[in-house]
Amino acid sequence: MEENTTPQLSMPRIGDPAPEFKAVTTQGDIQFPQDYSGKWVILFSHPADFTPVCTSEFMTFASMEAQFDQINTKLVGLSVDGLYSHIAWLRTIKEKVSFNGMSGVEVKFPLIEDITMDVAKKYGMIQPGESSTKAVRAVFFIDPKGIIRTILYYPLSVGRNFDEIYRTAVALQTTDAFSVATPADWRPGKEVIVPPAGSCGVAKSRMDGDEDMTCHDWFFCTKKLSEEAVWDAVRQN
Ligand code: BEZ
């Protein structure tokens, strides 16, 4: 009997190794995630080339590429269209489209062709309740060791917030560098959360105020972390 090599739909989870694949892209062939070892990667999917929401997203991401580079983060896009469609779409964006004050935008990061949907299926980007022929808007944050650290999914109709994607990339690197957590709506320069006390002794000493932090109660302690310290840590990765 012939072996069935068609990938099944799977949903990688936070903490899993990023599924491996080889792909053709607008910037040449890639072996993922090996080619990105030592770097953070944002792997994101979009439903289709030559569509308006995707066009606005690509222009926004491309205009932020240098900002992501500064924090050692590479961008990799994917849709289930072919290479020639990708090339034609990216040329059209550069030559004809203006959006939000941006024009002449050149997309320099790789855009994967995935006509077979092999990669999209491995990454849970095909969600049949939404569409079985187009990828949803997925965003995978993958760390320098190839581990998935954050996953966002948006439907076809809602464009992503790229400030939030950047904020999340900075927050992930900050939590790694300083062994802290970030509270709701955190931005560099705001207080961070100190992990909960792991013993009664530590809980008591925190409440007695003998550590460099503010404890509202034994389980909710924050400390200052300067904006400068955050940028020093994330920009030198
Ligand atoms: C868009 O990017 O505009 C789009 C793509 C697929 C379905 C709906 C909108």
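Quick caveat: nothing in here was measured; it's all calculated off a predicted structure. Every number for a ligand or one of its atoms is a count from 1 in the order of the listing.
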For Met11, all residues meeting side-chain contact (heavy atoms from CB on, under 4.5 Å), sequence neighbours excluded: Gln127, Tyr153

Would you find a donor on one side and an acceptor on the other, under 3.5 Å apart, between the side chain of Ser79 and the backbone of Pro47? no

Assess the pair Phe58 and Phe99: is the distance between their ring centroids shorter than 6.0 Å? no

Mind checking what makes salt bridge (Lys or Arg N to Asp or Glu O under 4.0 Å) contact with Lys224, not counting sequence neighbours? Glu191

Got a sec: does the CD of Glu228 have more than 12 other heavy atoms crowding it under 6.0 Å? no

Which protein residues come within less than 4.0 angstrom of ligand 1, counting heavy atoms only? Pro47, Thr51, Pro52, Val53, Cys54, Arg137, Leu156

The complete set of side-chain hydrogen bond (donor to acceptor under 3.5 Å, both in side chains) pairs with one or both residues in residues 50-63, sequence neighbours excluded, reads Thr55-Trp89, Glu57-Arg137, Glu57-Arg160

